[in-house]
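Report on the structure given below.
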Number of protein chains: 2
Amino acid sequence: MEKQTITIYDVAREASVSMATVSRVVNGNPNVRPDTREKVLKVIEKLDYRPNAVARGLASHRTTTVGVLIPDITNIFYASLARGINDVATMYKYNIILASADEGKHKTDAVLQSIMAKQVDGLIYMGQHVDDSTRKELDRGKTPVVLAGTVDPQDKFGSVNIDYVAAIKEATSRLIASGNQRIAFVTGPLSDPINGQFRLKGYQEALSDAKIAYDESYVFETEYSYRAGEAVWDAVKRAGVTAAVVTDDELAVGFLNGARDAKVKIPEDFEIITSNNTMLTEIVRPKLTSIAQPLYDIGAVAMRLLTKMMNKEEIDQKTILLPHSIITRNSTK
Amino acid sequence: MEKQTITIYDVAREASVSMATVSRVVNGNPNVRPDTREKVLKVIEKLDYRPNAVARGLASHRTTTVGVLIPDITNIFYASLARGINDVATMYKYNIILASADEGKHKTDAVLQSIMAKQVDGLIYMGQHVDDSTRKELDRGKTPVVLAGTVDPQDKFGSVNIDYVAAIKEATSRLIASGNQRIAFVTGPLSDPINGQFRLKGYQEALSDAKIAYDESYVFETEYSYRAGEAVWDAVKRAGVTAAVVTDDELAVGFLNGARDAKVKIPEDFEIITSNNTMLTEIVRPKLTSIAQPLYDIGAVAMRLLTKMMNKEEIDQKTILLPHSIITRNSTK
DNA sequence: TGATATACTGAAAACGATTTATTTTCAGTA
DNA sequence: TACTGAAAATAAATCGTTTTCAGTATATCA
């Protein structure tokens, strides 16, 4: 009494055609006479036949599945990228195998391997810096890879980002323009090239342009979280700065609340600019001035680029920079 | 010069054993002599053999993959559940095929079908009410399904929730206890049984216990979003209530900010209790008093339940209620 | 020592599709 | 009426595993 699964063979038999013909109908191959197509479709409907994607994947070497590596799904920044990725993937009929890699280095490799074993047609990689073992894993097949909101200094993969140097430079310059001489740079791990190479550079360039000496003790390296932001406030304040550029919204919000809970007036006594323009910047009071990154689009464009690579289409630009801007709200004068 | 893929056959030949033996080694089947196992493992290592999960899935009828349907990945509530799901899934070596179903009804069906076509071993369903066509789709196979943070009145699937009636009743009672007689109930679609049947009931019971007449005009049905919260404030205020129970944090935060931007003092002039105790409740000022749901655990327990169902283990309880509480913060007196 | 049980191993048949190489069909032309 | 070539259809190989079943080696016991 087991519910019998209907295979392409059943359809073929019932429609008195070969499996190949059924396969053509299912895949929209034009080399089928309209009346045979009709006949086959009728049988498919009648038997409620559903092609088995696993068998299909084995036979065709295409799974119509892409892997997505995300550091932390509850971080709105990454979740926003994921939304863009998801929408475009759905549009192009790909399914997403999602893997969260928040559990430290070792896990990342294992998780990546399990995804590759599933024969994904492509991979989107977000977040952490691509280290050697990861790179090795990514290199072994010919699976196309696109980094979203992530840079690889070796520039081997496709990638979609904003110009971090310019963005942070503008933000810093704005704080300088409103009279701040001592500005903190509060960021995540400097081991990530986005922070350590690009953003830091933007920060330094802005100072340099304004003839302000770079002071390493104004750089605060912590992690991307609300708690970390609350926690780092004291140290920043003690350093004697009057403003801060923060590179993550959760971090910035924690930082802001740390300041406010310490009765510091924002922006009168202290100015803050954050980096991702997520919903959080609008939720807190005062609302946070922020660099605006097109989060959804970064994800969407990354996925679109990946589809091109998977189709082996000609790619004109595999390293894409999307435009950014600065949205002024109430955490700056 | 194509990079040749190494198959189980290559390993077998190189190790002078049969494919069956290699398969046994790979799958940890104990019926292999230690020295043969050793020999095979050596060859696997040498050739850097990686089993093809697709072929495996076809042959074994198990894909070690579960589908996860999420309404909106950028909503922290669902993202938190997803985190719990992900962690347990990883622990049990399952990969997750994630599908976001925010694009309205029609899409949900298509997406669900594409997931089922991938032969997932199980499915976690979050969010929207399970409607007829969805139910039909879920019924056609014998794929186990668990609802997380979602109830099905027909109680056909596994599910993990809190006791919504009790939780909202407690919250409402607390507002009554602090002197409020006219309390708004601000919620998402009442078509979702969680809102329409359970939460509403809890609200009504609390009123009834306090001998307060239920007034339908105090019930505000909107959607789960920050904007919706901001927008609904005016209407709620006009209704002349002095407190509100809100059933989603983003909604509550928008509502709170709507109130504050209108210069209403919280909690002195208006009290608010929200429902999900996400990070948002701590981020805003004043911090929001909230029903605390064990979000991560709801996801984790749901996934754990699903693993049991997939293993055909005996299930003692397929409808699980996790404990809740109320965290008092500063949006209530 | 022989019989019997038990532990290993291997050959080959699935699994459910796609794809390749052939064959058949069917207008259209000579 | 015979022939041709494109279009349509088929048979069979293939994808990379697991699994079944049968067979062989090894161990155990009397």
Side-chain angles (χ1 to χ4, degrees), chain A residues 2-41 43-44 47-65 114 116-121 141-142, chain B residues 2-41 43-44 47-65 93 114 116-121 141:
Chain A
E2 263 296 310
K3 231 176 261 178
Q4 190 56 54
T5 78
I6 309 291
T7 74
I8 198 173
Y9 174 78
D10 299 316
V11 176
R13 184 167 34 69
E14 184 81 10
S16 337
V17 298
S18 72
M19 290 159 57
T21 300
V22 177
S23 175
R24 286 199 193 84
V25 170
V26 169
N27 293 294
N29 183 312
N31 286 355
V32 180
R33 255 197 344 248
D35 54 330
T36 6
R37 177 184 308 279
E38 205 53 44
K39 182 173 60 177
V40 171
L41 284 175
V43 173
I44 287 179
L47 301 185
D48 193 19
Y49 164 71
R50 306 286 183 90
N52 178 322
V54 173
R56 215 192 264 230
L58 181 59
S60 69
H61 299 283
R62 297 189 61 243
T63 55
T64 58
T65 297
S114 78
M116 298 305 268
K118 293 270 154 80
Q119 313 295 117
V120 293
D121 297 336
K142 57 271 142 269
Chain B
E2 263 295 311
K3 229 177 263 178
Q4 191 55 55
T5 76
I6 309 291
T7 72
I8 199 174
Y9 175 79
D10 299 315
V11 176
R13 185 167 31 71
E14 185 82 9
S16 332
V17 297
S18 70
M19 289 159 54
T21 300
V22 177
S23 175
R24 287 195 191 92
V25 170
V26 168
N27 293 294
N29 183 316
N31 285 355
V32 180
R33 245 190 3 235
D35 53 329
T36 10
R37 176 185 307 279
E38 205 52 45
K39 183 173 60 177
V40 171
L41 284 174
V43 174
I44 286 180
L47 300 185
D48 192 18
Y49 164 72
R50 306 287 183 90
N52 178 321
V54 174
R56 214 192 262 232
L58 182 58
S60 68
H61 298 285
R62 296 190 62 243
T63 55
T64 57
T65 296
K93 313 266 189 234
S114 77
M116 298 305 269
K118 293 270 154 79
Q119 313 295 121
V120 294
D121 297 336

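What you see is a predicted model, and the numbers here were worked out from it, not measured in a lab.
Nucleotide D:dA9 holds its P atom 13 Å from the CD atom of A:Glu38, rounded to whole Å. Atoms CG (B:Asn29) and P (D:dT18) sit 11 Å apart, rounded to a whole Å. Computed from coordinates, the B:Asp10 CG to D:dT17 C1' distance equals 13 Å when rounded to whole Å. Rounded to whole Å, atom C1' of C:dT19 lies 14 Å from atom CZ of A:Arg62.
Look at A:Asn31 and you'll find a side-chain N or O under 4.0 angstrom from OP1 or OP2 of D:dA8. Taking only side-chain nitrogens and oxygens, B:Arg33 never comes nearer than 4.0 Å to OP1 or OP2 of C:dA7. For B:Thr21, a side-chain nitrogen or oxygen approaches OP1 or OP2 of C:dG10 to under 4.0 Å.
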Could you spell out the base pairing of DNA chain C as a dot-bracket line? Use Watson-Crick and G-U wobble contacts where both distances are under 3.5 Å, [ ] for crossing pairs, | for partners on a different strand. ||||||||||||||||||||||||||||||
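Considering only heavy atoms from C-beta on, B:His61 stays 4.5 Å or farther from A:Thr5 through its side chain.
Using modelled atom types, no side-chain atom of A:Asn27 and backbone atom of A:Asn29 make a donor-acceptor pair closer than 3.5 Å.
Below the 3.5 angstrom threshold, one finds a donor paired with an acceptor across the side chain of A:Arg24 and the base of D:dT10.
Side-chain contact check for A:Lys118 and A:Thr65: no donor-acceptor pair (N or O, by modelled atom type) lies under 3.5 Å.
Closest approach of A:Val32 and A:Thr21 over heavy atoms only: CG1-CG2, 4.5 Å.
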Please produce a list of atom pairs where a protein N or O lies less than 3.5 Å from an N or O of nucleotides 15-17 of chain C.
| residue | atom | partner | partner atom | Å |
| --- | --- | --- | --- | --- |
| C:dC15 | O2 | B:Ala59 | N | 3.4 |
| C:dG16 | N2 | A:Ala55 | O | 3.4 |
| C:dA17 | OP1 | A:Tyr49 | OH | 3.0 |
| C:dA17 | OP1 | A:Asn52 | N | 2.7 |
| C:dA17 | OP2 | A:Ile8 | N | 2.5 |
| C:dA17 | O5' | A:Tyr49 | OH | 3.4 |

